[in-house]
Amino acid sequence: MTQSVIANTDIVASKVLDGEAILINLQTGVYYSFNPSAGLIWTIASGGVTAADASVLISRHFDTSAEAVVADVQAFLDSLRSEGLARITERPTQPTTGIPETPAEKAEYCAPEFEKFTDMMEMFALDPPLPGLARKQD
C-alpha cells in the first residue's frame, strides 16, 4: 500500500479561496497562508495525497511537468507534516471533491510553499477557540 499524507483536520481549520489556502492550527494559534500551488495540493489532502498524485495535479494546472515538480511537492508535504498540519497514512488516496477543473490556460508555476504567522499564539493560549482540543503531550 502506498504511503500518503493526509490533512490533520482534527486540529486544522482551513479555507481555500481563489486557489490560495488559509489554515490555522487550532491547538497552537499558528496560521498559514499557502500560495496557489500549495493551495491546490491542500484541496486534495483531506482524502490523502501522494507526492506523485499531487505532482500530476500541479502539472495539469501550472506550466510544468509532473516529473519536474515531484521534489518540490515532496518537500512541501514534508513541511506539512513537520508543522503538524498533516500526517502519514497507509490508507489509499481517495478522490476528493472540490478539485478545480483543469484550466484552459495554465498558470506560471511556483513551488508550493506557505508563510507562517505566529502573532495570534498568545491570544489562542488565553482564549482557545475549541477548549476541548487539548494540546498533545510529546
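Both backbone and side-chain heavy atoms feed into the values below; hydrogens, waters and symmetry mates do not. Note that the coordinates shown come from a computational prediction; the quantities given were computed from them, not determined experimentally.
Using cut-offs of 30° and 60° for the angle between ring planes, the Trp42 and Phe34 rings count as perpendicular.
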- [ ] Test side-chain contact (heavy atoms from CB on, under 4.5 Å) on Ile24 and Val12 and set out the steps.
- [x] CA-CA 6 Å; Ile24 187 163; Val12 176; over 6 Å; no
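With hydrophobic clusters built from ILVMFWY side chains whose heavy atoms lie under 4.5 angstrom apart, Leu85 does not share a cluster with Ile22. If you chain together hydrophobic residues whose side chains sit under 4.5 Å apart, Ile11 and Leu23 fall into the same group.
Between Val5 and Thr89 the shortest side-chain heavy-atom distance does not fall below 4.5 Å. For the pair Ile44/Leu57, a side-chain contact is recorded, criterion being any heavy-atom separation below 4.5 Å from C-beta on. By the 4.5 Å heavy-atom criterion applied to side chains, Asp10 and Leu26 are not counted as neighbours. At a threshold of 4.5 Å between non-hydrogen side-chain atoms, the residues Ile41 and Ile58 count as touching.
Gly39 and Ala21 get closest at one heavy-atom pair: CA-CB, 4.0 Å. Closest heavy-atom contact between Glu113 and Ala38: O-CB, 3.5 Å. Contact detail for Cys110 and Ser37: the closest heavy-atom pair is O-OG, 2.8 Å. Here the closest non-hydrogen pair linking Pro112 and Phe76 is O-CD1, 3.6 Å.
Here the OG-CG distance, from Ser14 to Asn25, works out to 12.0 Å after rounding to the nearest 0.5 Å.
At most 12 non-hydrogen atoms from other residues, nucleotides or ligands lie less than 6.0 angstrom from NZ of Lys15.
A donor-acceptor pair is defined here as one N or O able to donate and one able to accept, closer than 3.5 Å; no such pair exists between the side chain of Ser4 and the backbone of Gly48. With Asn35 contributing its side chain and Ala111 its backbone, the two residues share a donor-acceptor pair below 3.5 Å.
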Result block: side-chain N/O donor-acceptor pairs under 3.5 angstrom for residues 60-73, not counting sequence neighbours:
{"residue": "His61", "atom": "NE2", "partner": "Pro100", "partner atom": "O", "Å": "3.4"}
{"residue": "Ser65", "atom": "OG", "partner": "Ala68", "partner atom": "N", "Å": "3.2"}
{"residue": "Asp72", "atom": "OD2", "partner": "Tyr109", "partner atom": "OH", "Å": "2.7"}

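Residue pairs meeting the side chain to side chain donor-acceptor pair (under 3.5 Å) criterion with at least one partner in residues 79-88, sequence neighbours excluded, are Asn8-Arg87, Tyr32-Glu83, Asp78-Arg81, Glu83-Lys116.
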